[in-house]
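Read through the structure below, which is laid out as structure tokens, and then see the notes.
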Amino acid sequence: MLRGSSAVAIDNERNKHPSDVIAAASAARARRSGRVGLATASRSTSDPHPAEMATHELHPNDTLTTLKMESENLKAKLEEERAKLHDVELHQVAEKIEALGQFVMKTRRTLKGHGNKVLCMDWCKDKRRIVSSSQDGKVIVWDAFTTNKEHAVTMPCTWVMACAYAPSGCAVACGGLDNKCSVYPLSLDKNENLAAKKKSVAMHTNYLSACSFTNSDMQILTSSGDGTCALWDVESGQLLQSFHGHGADVLCLDLAPSETGNTFVSGGCDKKANVWDMRSGQCIQSFETHESDINSVRYYPSGDAFASGSDDATCRLYDLRADREVAIYSKESIIFGASSVDFSLSGRLLFGGYNDYTINVWDVLKGNRVSILFGHENRVSTLRVSPDGTAFCSGSWDHTLRIWA
Amino acid sequence: VFTFILKFQHDHKVSLPMEQVIVAMQDPDLGIKMKNQRLLITVIPHAMTGNDIVEWLMKKYSIMEEEALHVGDLLVRHGYIYPLKEPRNLVLRPDESPYRFQTPYFWSSQQWPASELDYAIYLTKKNIRKQGQLIDYEKENYNLLHKRINHTWDFVVMQAKEQLRASKQRRKADRIVLECQEQAYWLINRPPPGAFDIREHGPERRNRLTSRVQLVRLHSFIIHQKKIHDRTFIKYSEQYFSHDPMMHGCPPSNPWITDDITHWALNTNTVSTPTKLRVERWSFRFMELLSDPLGRLKFMEYLEKEFSAENLCFWEACEDIRHGENSRIPQKVQEVYKQFLAPGASKWVNVDSKTMEKTLEGLRRPNRFVMDDAQMHIYFLMKKDSYPRYLKSDLYKNLLVKAIAPQETKRSVFPFMRRHRHSSPNPALVAQALEEDGKAKRLGSPRITSPATSP
């Protein structure tokens with residue numbers, strides 16, 4: 001930066017007005033990336049319907065640029081079609097319902113024991129135990145109610161970004177920079193080394209970002225920095241189904257609580273949230289309204305919608321049957337990304353953990369922020385509401401986990 | 001819709017919204033009113049106090065003082081605002097301490113890499129200017145750099161001296177400002193050991209995988225008129241309002257708040273009399289009934305009276321196939337066929353002919369999903385027929401009447417008296433004990449009660 005420049009030239013650079021600098025940098029970057037604004041121009045009178053355009057075959061002359069432009073055009077048209085049918089936002093429909101009153105939630109437990117950043121946590125179905133994982137490779141099982149640690153495993157890798165409690169309560173799964181997801185049966189024999197019984201289940205070609213058991217201990221769903229999600233048979237380690245479609249790292253996933261129980265949603269660095277059919281491996285719905293990485297996705301309790309949290313500092317709600325975004329939860333004073341989101345039991349509240357160390361509580365229906373919770377001393381990296389909705393747990397880069405109620 | 005997307009590297013993703021705040025703060029009309037601030041005997045222009053920052057944020061974003069202080073502090077920690085007094089300590093003090101905006105040239109979002117050469121020049125300048133002004137970690141870094149880029153050290157010293165000479169020609173106020181700016185920059189880019197490092201972002205993420213173009217499959221975008229669905233969220237939230245402990249309290253009390261686990265004890269899967277809220281919830285939707293092990297048990301009792309229990313047994317067996325081990329699928333499928341679908345089966349279920357045909361076809365190559373259609377058929381049969389009748393039945397009504405409705409206890413009079421926090425058996429321990437007794441079926445099967453068994 002300073003190399004070869006004269007002292008005077010540096011001064012001139014430094015004295016530029018901030019907004020000029022931003023504008024110039026934006027223009028330069030836009031030119032470099034060759035990004036064109038979504039086409040609102042170039043509209044012929046006989047535009048084919050988006051569904052028809054999909055069957056357009058690839059011709060040898062199609063260059064990458066033209067294909068990309070066509071993809072952008074299709075997306076824009078799709079948004080137009082969607083918007084035509086539905087011009088009401090959720091908060092407008094919710095105008096008449098009562099606003100929520102004063103909201104008081106406090107830290108009821110602080111779990112100290114990790115020696116480094118806490119990256120992920122999950123609740124046990126018994127409503128009081130949790131598993132948490134951290135940057136230094138430690139995975140700990142706690143009785144959060146008594147704050148006692150009950151099990152501890154040291155993974156052979158750092159940055160254990162994913163962990164999950166098995167539905168039976170008898171095992172935990174975890175993984176991270178080792179590109180794998182491993183299952184550890186929980187033994188109460190103090191002398192037994194948990195690591196000895198470890199089972200390697202999933203193998204990706206990049207870091208493991210999230211994992212979840214399906215309805216039993218026998219299957220695990222994973223997402224990875226290699227851009228894919230995958231379903232695995234725990235017993236054999238066999239890959240049952242893989243899910244391709246994200247254009248970049250997949251960061252999060254959540255299983256649908258639906259009657260047929262066959263779908264899940266994932267979010268990634270391509271700013272997309274994709275809904276997948278677990279049977280066929282197909283992406284059945286896709287949403288792209290966020291302006292940056294999607295760090296967290298979580299289904300609304302009924303399964304009719306899901307929420308997302310992103311580096312663009314907003315959380316959003318997507319209605320699956322209306323096939324569109326129906327709410328944005330944002331505030332100008334919130335300038336850091338949301339790392340993880342979850343709903344209260346009734347779905348009326350959305351809790352968001354943010355990279356500015358705070359937790360913001362949103363009224364899902366009315367769209368306003370109900371409360372802001374301070375306490376953590378570094379990024380909130382993970383947040384889950386307990387299975388019976390009595391509390392939620394947050395994990396942070398400040399090495400602690402907190403239970404709030 | 002014109003979307004202008006700025007392509008920042010992952011490292012600098014946080015910066016754009018922060019920069020918007022900073023730009024707004026410096027707006028000539030609506031921004032902070034800057035003044036001269038006195039620093040000992042020197043007057044520094046274009047400065048503001050910590051108070052100014054907090055008050056501006058409170059007003060502009062309609063937030064309380066605590067939040068404004070938090071946001072302002074983050075702006076300082078990320079190097080967009082620096083303190084003139086105690087410049088080594090990047091924190092926001094809500095008092096008359098003077099602060100200034102960092103020059104955009106030094107913003108952490110700028111793509112200039114903070115190179116070793118630049119750092120070396122900076123440390124050399126400090127060293128020359130005042131011998132011994134380097135702090136321990138800076139001394140260490142200086143020595144390391146001296147070794148590593150020794151070959152360009154003449155250039156380093158020359159640049160350092162040149163910059164010092166140029167700075168001597170400035171007014172004292174300007175010199176102080178530029179020194180503070182540069183110091184703040186390096187505090188961010190070469191933080192002292194153990195200090196908060198804003199550059200840390202976790203493992204690297206890639207934003208775009210090669211040049212694969214994903215043409216979206218559009219056949220599934222059948223767009224219906226969807227206005228009616230707007231009210232589903234409102235209805236759902238209203239229905240579950242009194243069941244949401246965070247909205248409505250938790251009878252008798254929330255265990256996390258009062259340390260009293262009665263609420264959990266009243267809601268285990270083996271409890272003889274369920275609570276009123278719980279029984280009510282079974283009437284909300286069929287899935288609620290089925291996913292509560294106790295609800296399912298009670299429903300099974302009802303079905304047995306109606307001689308249609310085989311439907312629920314079939315559904316459970318299908319769940320076991322879907323979610324069980326891969327290796328046992330062929331065996332399980334065979335058993336299910338024999339028990340439920342074969343002509344003359346002991347627990348024969350009534351599946352329509354079309355579905356039966358499809359299922360039989362699929363049995364030739366048994367897979368995890370081979371029973372899906374049949375399972376769904378039976379599920380909807382129960383949902384449309386048995387379930388509504390169950391809710392009207394005496395069995396269910398009786399449950400509701402006998403159900404426990406604990407009173408919400410008032411907050412304890414002596415809040416400082418902490419109850420003893422009872423531990424509960426670890427589910428893994430319970431499972432191990434059962435297995436040792438030889439009584440357990442395969443764990444993880446939906447037929448087994450889930451481990452919500454606190455004492």
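Proteins get letters first, then strands, A, B, ... in listed order; numbering begins at 1 in each.
With no hydrogens or angles considered, no side-chain donor-acceptor pair links B/N254 and A/R108 at under 3.5 Å. When only modelled atom types and interatomic distance are considered, A/T147 and B/R421 share no side-chain donor-acceptor pair under 3.5 Å. Judged by distance alone, the side chains of B/H323 and A/D217 never bring a donor and an acceptor atom under 3.5 Å apart. Between the side chains of B/W264 and A/D126, not a single donor N or O lies within less than 3.5 Å of an accepting N or O. Between the side chains of B/T232 and A/D304, no donor N or O sits under 3.5 Å from an acceptor N or O.
For A/R109 and B/D259, the salt-bridge test passes: some basic side-chain N is under 4.0 Å from an acidic carboxylate O.
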Mind running ring pair (Phe, Tyr, Trp, His ring centres under 6.0 Å) on A/Y357 and B/H70 for me, showing each step along the way? CA-CA 9 Å; A/Y357 327 163; B/H70 180 79; 5.7 Å; yes

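Scanning all heavy atoms of the two residues, the minimum distance from B/E200 to A/R379 falls at O-NH2, 3.5 Å. Residues B/S327 and A/E235 come closest through the heavy atom pair OG-OE1, 2.6 Å. Closest of all the heavy-atom pairs between B/D244 and A/S346 is OD2-OG, 2.7 Å. Counting all heavy atoms, side chain and backbone alike, A/I335 lies closest to B/P17 at O-CB, 3.7 Å.
Put simply, of A/L345, A/T358, A/D312, A/T214, the one with the most heavy-atom pairs under 4.5 Å next to chain B is A/L345.
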